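Given the structure is predicted, the values throughout are model-derived calculations rather than measurements.
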Amino acid sequence: MLCENCGKNPAQKFIRKTGGREIVVELCPACYRTLYPEKENDFFPALLGSGVSAEKACPACGTTMAEFRRTGLLGCAYCYSAFREELLETVRNMHNMQGEVRHTGKRPEASAEEKYDQARDYAARREALIEQLEEAMRTGDYAAARTLQKQLRTLNQDLSREGE
């Protein structure tokens, strides 16, 4: 979607509250700043350090750090490069990762790994029984097929008992 004002740049949706009503405008960040030159209210001041320059702007779309602090939104993909250092600091603060920027995740409990191994073994045994059953049916060995069906039924019952 293009800016409603200039019709050239990619637009963002901004919600303006005027006279108790909400108005949605679709403007590029540059036109928004031109049409609504209001005092920045720093929506994210705790997330961004005090040393961040509010005057720094993205060379591609014109979004400023002050606008990012107010809305929490960047204007374009190039903003990530333009504000790289500030965004890294923001991520560190937001995720409280003791200075880490990369998420390392959580390790599963030892029992989860054991349960995964059991499920994988069950699936392999079930698949093998099904293949043997199909082969017995194709060759007409109905006695072996009945035996394989009983084994498959027992395997499924064992699994359902473990799940209880």
Salt bridge (charged side-chain N to carboxylate O under 4.0 Å, His left out): pairs with one or both residues in residues 147-157, sequence neighbours excluded: none
With Ala77 via side chain to side chain contact (heavy atoms under 4.5 Å, CB included) - residues at least two apart: none
Within-4.5 Å side-chain heavy-atom neighbours: Pro10 and Cys61: no
Minimum-distance pair of heavy atoms, taken over all atoms of Leu155 and Leu129: CD2-CD1, 4.1 Å
Side chain to side chain contact (heavy atoms under 4.5 Å, CB included) involving Asn5 - partner list, sequence neighbours excluded: Cys3, Leu27, Cys31, Leu35
Hydrophobic cluster identity match, Tyr78 and Leu73, side-chain contacts under 4.5 Å: no
Test salt bridge (Lys or Arg N to Asp or Glu O under 4.0 Å) applied to Glu135 - qualifying residues, sequence neighbours left out: Arg138
Side chain to side chain contact (heavy atoms under 4.5 Å, CB included) evaluation trace for Asp158 with Tyr122: CA-CA 10 Å; Asp158 290 345; Tyr122 163 78; over 6 Å; no
For Arg146, side chain to side chain donor-acceptor pair (under 3.5 Å) partners two or more places apart: none
Worked check of side chain to side chain contact (heavy atoms under 4.5 Å, CB included) between Phe83 and Thr64: CA-CA 9 Å; Phe83 304 127; Thr64 64; 5.7 Å; no
Single-linkage hydrophobic cluster, 4.5 Å side-chain cutoff, Leu2 and Val25 together: no
Exercise: identify the closest heavy-atom pair between Thr63 and Gly75: OG1-CA, 3.3 Å
From CG (Leu152) to OG1 (Thr147), nearest 0.5 Å: 12.5 Å
Polar side-chain atom of Glu67 near backbone of Ala30 as donor-acceptor pair, under 3.5 Å: no
For Ala144, side chain to side chain contact (heavy atoms under 4.5 Å, CB included) partners two or more places apart: Ala136, Asp141
Sequence neighbours excluded, every pair satisfying salt bridge (charged side-chain N to carboxylate O under 4.0 Å, His left out) that has a member inside residues 118-129: Asp117-Arg120
Set of side chain to side chain donor-acceptor pair (under 3.5 Å) partners for Arg84, sequence neighbours left out: none
Linked, directly or transitively: Tyr142 and Ile130 (ILVMFWY side chains, under 4.5 Å): yes
Sequence-distant partners of Glu134, side chain to side chain donor-acceptor pair (under 3.5 Å), two or more places apart: none
